[in-house]
Amino acid sequence: MQKDKKTEIRKKADVFRNGCKVSHYGIIDLFKECERCGYKLLRYPLGEDADLGFAVKKDADIIIFTNTCSRLSREIFTLAHEIGHIILHMESMTSFIDDALTVSGKSKDEKEQEANYFAACLLMPSDDVGKFLEYEIEDFWENGLSAMDIARIMSEFHVSFDMVLNRLENLGRIDKNERLCLDNERNQLRAGNLLRSVGGNRHLNEASLEVDIPHEYIDYVIYNYNHNAIPLETLKKALECCYLTIEDISDRLVEHSQEEEGLDGLIGGLED
Ligand SMILES: [Zn+2]
(Lines give C-alpha, C1' and ligand atoms only; values in the text may rest on other atoms or scores of the structure.)
Protein backbone atom coordinates (compact mmCIF):
# COMPACT_ATOMS: atom_id res chain seq x y z
CA MET A 1 0.00 0.00 0.00
CA GLN A 2 1.29 3.49 -0.90
CA LYS A 3 2.52 5.70 1.91
CA ASP A 4 0.03 8.53 1.30
CA LYS A 5 -2.83 6.00 1.10
CA LYS A 6 -1.78 4.69 4.50
CA THR A 7 -1.69 8.21 5.93
CA GLU A 8 -5.17 8.90 4.57
CA ILE A 9 -6.55 5.72 6.14
CA ARG A 10 -4.83 6.45 9.45
CA LYS A 11 -6.42 9.91 9.50
CA LYS A 12 -9.89 8.51 8.85
CA ALA A 13 -9.44 5.86 11.55
CA ASP A 14 -8.37 8.63 13.96
CA VAL A 15 -11.45 10.71 13.15
CA PHE A 16 -13.71 7.73 13.82
CA ARG A 17 -11.83 6.88 17.01
CA ASN A 18 -12.08 10.44 18.33
CA GLY A 19 -15.85 9.98 18.51
CA CYS A 20 -15.53 6.69 20.43
CA LYS A 21 -15.56 6.09 24.17
CA VAL A 22 -12.04 5.05 25.07
CA SER A 23 -10.86 3.74 28.47
CA HIS A 24 -7.17 4.42 29.07
CA TYR A 25 -6.02 3.24 25.66
CA GLY A 26 -8.57 0.96 23.96
CA ILE A 27 -12.09 1.55 22.62
CA ILE A 28 -14.47 0.30 25.32
CA ASP A 29 -17.26 -1.16 23.17
CA LEU A 30 -17.04 -0.96 19.40
CA PHE A 31 -20.51 -2.56 19.07
CA LYS A 32 -22.04 0.42 20.87
CA GLU A 33 -20.17 2.82 18.60
CA CYS A 34 -22.12 1.39 15.64
CA GLU A 35 -25.33 2.55 17.31
CA ARG A 36 -23.87 6.03 17.74
CA CYS A 37 -23.05 6.14 14.04
CA GLY A 38 -26.53 4.97 13.06
CA TYR A 39 -25.31 1.67 11.59
CA LYS A 40 -27.71 -1.24 11.97
CA LEU A 41 -25.78 -4.02 13.64
CA LEU A 42 -26.76 -7.67 13.41
CA ARG A 43 -24.95 -10.23 15.52
CA TYR A 44 -25.84 -13.85 15.01
CA PRO A 45 -24.14 -17.26 15.51
CA LEU A 46 -24.16 -18.26 11.85
CA GLY A 47 -21.77 -21.22 12.29
CA GLU A 48 -18.03 -21.70 12.63
CA ASP A 49 -17.37 -22.23 8.92
CA ALA A 50 -19.70 -19.49 7.70
CA ASP A 51 -18.71 -15.97 6.63
CA LEU A 52 -17.33 -13.75 9.39
CA GLY A 53 -19.19 -10.58 8.52
CA PHE A 54 -20.56 -8.22 5.94
CA ALA A 55 -21.38 -4.56 5.38
CA VAL A 56 -24.25 -3.60 3.10
CA LYS A 57 -25.76 -0.28 2.10
CA LYS A 58 -29.49 -0.62 1.50
CA ASP A 59 -31.40 2.58 0.68
CA ALA A 60 -30.58 4.95 3.52
CA ASP A 61 -29.46 2.17 5.88
CA ILE A 62 -26.03 0.78 6.51
CA ILE A 63 -26.19 -2.76 7.85
CA ILE A 64 -23.27 -4.58 9.44
CA PHE A 65 -23.38 -8.27 10.27
CA THR A 66 -20.89 -10.15 12.47
CA ASN A 67 -20.86 -13.90 13.10
CA THR A 68 -20.85 -14.52 16.86
CA CYS A 69 -19.40 -18.01 16.43
CA SER A 70 -16.01 -16.28 16.08
CA ARG A 71 -13.99 -15.66 19.20
CA LEU A 72 -15.02 -12.25 20.54
CA SER A 73 -11.63 -10.66 19.79
CA ARG A 74 -11.92 -11.82 16.19
CA GLU A 75 -15.50 -10.63 15.94
CA ILE A 76 -14.38 -7.17 17.12
CA PHE A 77 -11.67 -7.14 14.45
CA THR A 78 -14.22 -8.15 11.79
CA LEU A 79 -16.47 -5.32 12.97
CA ALA A 80 -13.59 -2.82 12.72
CA HIS A 81 -12.85 -4.17 9.22
CA GLU A 82 -16.50 -3.65 8.15
CA ILE A 83 -16.44 -0.10 9.55
CA GLY A 84 -13.33 0.36 7.40
CA HIS A 85 -15.26 -0.68 4.28
CA ILE A 86 -18.07 1.73 5.17
CA ILE A 87 -15.77 4.70 5.71
CA LEU A 88 -13.30 4.00 2.91
CA HIS A 89 -15.25 2.26 0.17
CA MET A 90 -19.00 2.71 0.38
CA GLU A 91 -19.02 5.48 -2.22
CA SER A 92 -17.96 3.10 -4.96
CA MET A 93 -19.40 -0.22 -3.76
CA THR A 94 -22.45 -1.04 -1.67
CA SER A 95 -21.71 -4.47 -0.27
CA PHE A 96 -18.75 -6.38 1.15
CA ILE A 97 -18.78 -9.95 2.38
CA ASP A 98 -15.87 -11.16 4.49
CA ASP A 99 -14.51 -14.56 5.36
CA ALA A 100 -11.34 -15.89 7.00
CA LEU A 101 -9.34 -15.04 3.87
CA THR A 102 -10.23 -11.35 3.58
CA VAL A 103 -10.09 -10.58 7.31
CA SER A 104 -6.82 -12.45 7.94
CA GLY A 105 -4.95 -10.28 5.45
CA LYS A 106 -4.26 -13.17 3.06
CA SER A 107 -6.38 -11.63 0.31
CA LYS A 108 -4.44 -9.56 -2.24
CA ASP A 109 -7.52 -7.40 -2.93
CA GLU A 110 -6.64 -3.74 -2.37
CA LYS A 111 -9.89 -2.85 -0.61
CA GLU A 112 -9.52 -5.81 1.76
CA GLN A 113 -5.99 -4.76 2.67
CA GLU A 114 -7.16 -1.19 3.23
CA ALA A 115 -10.01 -2.33 5.48
CA ASN A 116 -7.56 -4.42 7.52
CA TYR A 117 -5.18 -1.50 7.85
CA PHE A 118 -8.07 0.73 8.96
CA ALA A 119 -9.08 -1.87 11.56
CA ALA A 120 -5.53 -2.09 12.92
CA CYS A 121 -5.23 1.72 13.17
CA LEU A 122 -8.67 2.01 14.76
CA LEU A 123 -8.17 -0.68 17.40
CA MET A 124 -4.45 -0.21 18.08
CA PRO A 125 -3.23 3.27 17.07
CA SER A 126 0.53 3.57 17.03
CA ASP A 127 0.65 6.35 19.68
CA ASP A 128 -1.52 4.53 22.18
CA VAL A 129 0.35 1.26 21.71
CA GLY A 130 3.60 3.14 22.33
CA LYS A 131 2.23 4.75 25.49
CA PHE A 132 0.91 1.44 26.78
CA LEU A 133 4.30 -0.22 26.32
CA GLU A 134 6.08 2.66 27.99
CA TYR A 135 3.70 3.31 30.91
CA GLU A 136 2.09 -0.04 31.64
CA ILE A 137 4.72 -2.70 30.94
CA GLU A 138 7.41 -2.84 33.56
CA ASP A 139 10.95 -3.25 32.26
CA PHE A 140 9.81 -3.04 28.65
CA TRP A 141 13.03 -1.33 27.56
CA GLU A 142 15.26 -3.77 29.48
CA ASN A 143 13.51 -7.09 29.01
CA GLY A 144 11.09 -6.73 26.13
CA LEU A 145 7.73 -8.45 26.20
CA SER A 146 6.46 -11.70 27.67
CA ALA A 147 3.33 -13.60 26.60
CA MET A 148 1.66 -12.25 29.77
CA ASP A 149 2.37 -8.71 28.55
CA ILE A 150 0.75 -9.58 25.23
CA ALA A 151 -2.32 -10.77 27.17
CA ARG A 152 -2.37 -7.39 28.99
CA ILE A 153 -2.32 -5.60 25.64
CA MET A 154 -5.08 -7.91 24.32
CA SER A 155 -7.26 -7.07 27.26
CA GLU A 156 -6.78 -3.32 27.04
CA PHE A 157 -7.32 -3.04 23.28
CA HIS A 158 -9.89 -5.88 22.99
CA VAL A 159 -7.98 -7.71 20.29
CA SER A 160 -6.62 -11.23 19.74
CA PHE A 161 -3.15 -12.48 20.63
CA ASP A 162 -2.28 -12.76 16.92
CA MET A 163 -3.49 -9.24 16.23
CA VAL A 164 -1.20 -7.88 18.98
CA LEU A 165 1.79 -9.73 17.51
CA ASN A 166 0.96 -8.54 13.99
CA ARG A 167 0.55 -4.97 15.02
CA LEU A 168 3.68 -4.86 17.19
CA GLU A 169 5.72 -6.34 14.35
CA ASN A 170 4.29 -3.89 11.80
CA LEU A 171 5.01 -0.99 14.14
CA GLY A 172 8.59 -2.21 14.57
CA ARG A 173 8.12 -2.86 18.30
CA ILE A 174 9.15 -6.51 18.01
CA ASP A 175 11.15 -8.36 15.36
CA LYS A 176 10.48 -11.71 13.70
CA ASN A 177 12.43 -13.67 16.32
CA GLU A 178 10.69 -12.08 19.27
CA ARG A 179 7.39 -12.75 17.57
CA LEU A 180 8.27 -16.41 17.14
CA CYS A 181 9.25 -16.73 20.81
CA LEU A 182 6.02 -15.05 21.98
CA ASP A 183 4.01 -17.30 19.69
CA ASN A 184 5.69 -20.40 21.15
CA GLU A 185 5.12 -19.18 24.68
CA ARG A 186 1.43 -18.67 23.87
CA ASN A 187 1.12 -22.14 22.38
CA GLN A 188 2.40 -23.63 25.62
CA LEU A 189 0.32 -21.49 27.96
CA ARG A 190 -2.82 -20.87 25.80
CA ALA A 191 -4.22 -17.35 25.39
CA GLY A 192 -7.24 -18.06 27.64
CA ASN A 193 -4.99 -19.00 30.58
CA LEU A 194 -2.78 -16.00 29.95
CA LEU A 195 -5.78 -13.67 30.05
CA ARG A 196 -6.94 -15.22 33.31
CA SER A 197 -3.51 -14.87 34.89
CA VAL A 198 -3.31 -11.14 34.13
CA GLY A 199 -6.90 -10.62 35.34
CA GLY A 200 -7.91 -9.75 31.78
CA ASN A 201 -11.10 -10.26 29.84
CA ARG A 202 -11.07 -14.02 29.10
CA HIS A 203 -14.26 -13.64 27.05
CA LEU A 204 -12.08 -12.20 24.29
CA ASN A 205 -10.94 -15.71 23.58
CA GLU A 206 -14.41 -17.24 23.45
CA ALA A 207 -17.29 -17.01 20.99
CA SER A 208 -20.07 -14.85 22.43
CA LEU A 209 -22.84 -16.61 20.38
CA GLU A 210 -24.72 -13.34 20.91
CA VAL A 211 -27.97 -12.68 19.05
CA ASP A 212 -28.57 -8.98 18.50
CA ILE A 213 -31.01 -8.01 15.80
CA PRO A 214 -32.58 -4.54 15.42
CA HIS A 215 -36.39 -4.34 15.29
CA GLU A 216 -36.22 -2.85 11.79
CA TYR A 217 -34.79 -6.16 10.70
CA ILE A 218 -37.96 -7.97 11.77
CA ASP A 219 -40.02 -5.42 9.82
CA TYR A 220 -37.83 -6.17 6.86
CA VAL A 221 -38.20 -9.96 7.22
CA ILE A 222 -42.00 -9.64 7.50
CA TYR A 223 -42.04 -7.39 4.44
CA ASN A 224 -40.01 -9.98 2.50
CA TYR A 225 -42.31 -12.78 3.58
CA ASN A 226 -45.41 -10.82 2.59
CA HIS A 227 -43.85 -10.20 -0.82
CA ASN A 228 -42.95 -13.87 -1.35
CA ALA A 229 -39.24 -13.19 -1.10
CA ILE A 230 -38.64 -15.67 1.75
CA PRO A 231 -40.44 -18.88 2.83
CA LEU A 232 -42.38 -19.36 6.05
CA GLU A 233 -39.58 -21.46 7.56
CA THR A 234 -37.09 -18.59 7.21
CA LEU A 235 -39.57 -16.17 8.71
CA LYS A 236 -40.02 -18.51 11.70
CA LYS A 237 -36.26 -18.84 12.19
CA ALA A 238 -35.74 -15.08 11.96
CA LEU A 239 -38.49 -14.55 14.53
CA GLU A 240 -36.97 -17.18 16.83
CA CYS A 241 -33.78 -15.12 16.91
CA CYS A 242 -35.82 -12.34 18.48
CA TYR A 243 -37.79 -14.65 20.77
CA LEU A 244 -40.97 -14.13 18.76
CA THR A 245 -43.42 -16.62 17.20
CA ILE A 246 -45.69 -16.45 14.15
CA GLU A 247 -48.65 -15.88 16.51
CA ASP A 248 -47.00 -12.72 17.89
CA ILE A 249 -46.97 -11.06 14.49
CA SER A 250 -49.86 -12.89 12.76
CA ASP A 251 -51.87 -9.68 12.30
CA ARG A 252 -49.11 -8.35 10.06
CA LEU A 253 -48.92 -11.33 7.71
CA VAL A 254 -50.42 -11.71 4.27
CA GLU A 255 -51.66 -15.26 3.62
CA HIS A 256 -49.81 -17.32 1.05
CA SER A 257 -48.05 -20.67 0.68
CA GLN A 258 -44.52 -21.35 -0.50
CA GLU A 259 -41.77 -24.00 -0.66
CA GLU A 260 -39.45 -24.19 2.33
CA GLU A 261 -35.87 -22.98 2.27
CA GLY A 262 -32.84 -22.82 4.58
CA LEU A 263 -31.48 -20.19 6.93
CA ASP A 264 -29.61 -18.67 3.98
CA GLY A 265 -32.67 -16.55 3.23
CA LEU A 266 -32.21 -14.79 6.56
CA ILE A 267 -28.99 -13.21 5.39
CA GLY A 268 -29.44 -13.68 1.63
CA GLY A 269 -32.44 -11.38 1.64
CA LEU A 270 -30.25 -8.50 2.73
CA GLU A 271 -27.77 -8.82 -0.08
CA ASP A 272 -30.21 -8.30 -2.97
ZN1 LIG B 1 -13.57 -6.95 3.68
Side-chain angles (χ1 to χ4, degrees), residues 1-2 4-17 20 27 29-31 33-35 37-59 61-125 157-167 169-170 204 207-208 210 212-213 217 264 266-272:
M1 207 184 306
Q2 301 255 314
D4 48 350
K5 187 77 205 176
K6 277 190 158 180
T7 308
E8 182 199 322
I9 294 173
R10 216 161 37 235
K11 259 191 198 167
K12 288 183 174 169
D14 272 348
V15 170
F16 186 91
R17 201 174 199 272
C20 295
I27 295 172
D29 188 341
L30 193 58
F31 298 104
E33 302 299 338
C34 290
E35 230 170 86
C37 297
Y39 305 151
K40 304 227 177 327
L41 178 69
L42 276 137
R43 298 176 69 201
Y44 187 82
L46 199 59
E48 279 178 32
D49 300 321
D51 288 329
L52 297 178
F54 64 70
V56 185
K57 193 172 179 187
K58 197 162 175 63
D59 306 323
D61 291 334
I62 290 176
I63 301 155
I64 302 180
F65 166 78
T66 55
N67 185 349
T68 54
C69 285
S70 304
R71 275 177 290 157
L72 180 61
S73 56
R74 201 170 190 209
E75 193 195 348
I76 292 171
F77 186 84
T78 301
L79 178 60
H81 176 107
E82 300 307 337
I83 294 172
H85 279 314
I86 292 166
I87 289 179
L88 304 173
H89 309 130
M90 277 248 161
E91 281 189 0
S92 53
M93 269 171 83
T94 53
S95 77
F96 297 87
I97 300 178
D98 288 291
D99 53 21
L101 193 73
T102 56
V103 176
S104 67
K106 285 180 188 131
S107 163
K108 292 272 172 278
D109 185 287
E110 213 171 87
K111 287 191 167 66
E112 296 309 334
Q113 291 185 358
E114 289 173 4
N116 281 330
Y117 185 65
F118 178 94
C121 296
L122 176 63
L123 296 172
M124 295 184 70
F157 291 93
H158 307 290
V159 295
S160 68
F161 198 93
D162 288 316
M163 155 102 201
V164 177
L165 294 190
N166 262 335
R167 189 66 175 145
E169 193 183 353
N170 290 337
L204 283 171
S208 74
E210 190 92 22
D212 186 357
I213 294 178
Y217 181 67
D264 287 353
L266 173 75
I267 299 310
L270 282 169
E271 291 160 19
D272 298 338

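Note that the numbering runs from 1 along the sequence shown for the chain. Just so you know, ligand 1 is whichever comes first in the structure, and atom 1 is the first atom listed for that ligand. Nothing here was measured: the structure is a model prediction, and the numbers come from that model.
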Item to check | Under-2.8 Å protein N/O/S neighbours of the Zn ion (ligand 1), ordered by chain then residue number | outcome: His81 NE2, His85 NE2, Asp98 OD1, Asp98 OD2, Glu112 OE1

Next on the checklist: Applying side-chain hydrogen bond (donor to acceptor under 3.5 Å, both in side chains), can you list everything that pairs with His158, at least two apart in sequence or on another chain?
Outcome noted: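 None.
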
Next on the checklist: Any non-hydrogen side-chain atom of Leu204 less than 4.5 Å from a side-chain atom of Arg71?
Outcome noted: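 Heavy-atom side-chain distance check fails, nothing below 4.5 Å.
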
Item to check | Student check: side-chain heavy atoms of Ile87 and Phe16 closer than 4.5 Å | outcome: yes

Checklist entry - Can the ring centres of Phe118 and His81 be said to be less than 6.0 Å apart? => result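 Judged by ring-centre distance (under 6.0 Å), Phe118 and His81 do not meet the cut-off.
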
Next on the checklist: Before you tell me yes or no, could you show the steps for Asp51 and Asp98 under side-chain contact (heavy atoms from CB on, under 4.5 Å), namely the whole-Å CA-CA distance, both residues' side-chain angles and the distance that decides it to 0.1 Å?
Outcome noted: CA-CA 6 Å; Asp51 288 329; Asp98 288 291; over 6 Å; no

Next on the checklist: Exactly one of Asp162, Val103, Val159 should register a side chain to side chain contact (heavy atoms under 4.5 Å, CB included) with Phe77. Which one does?
Outcome noted: Val103

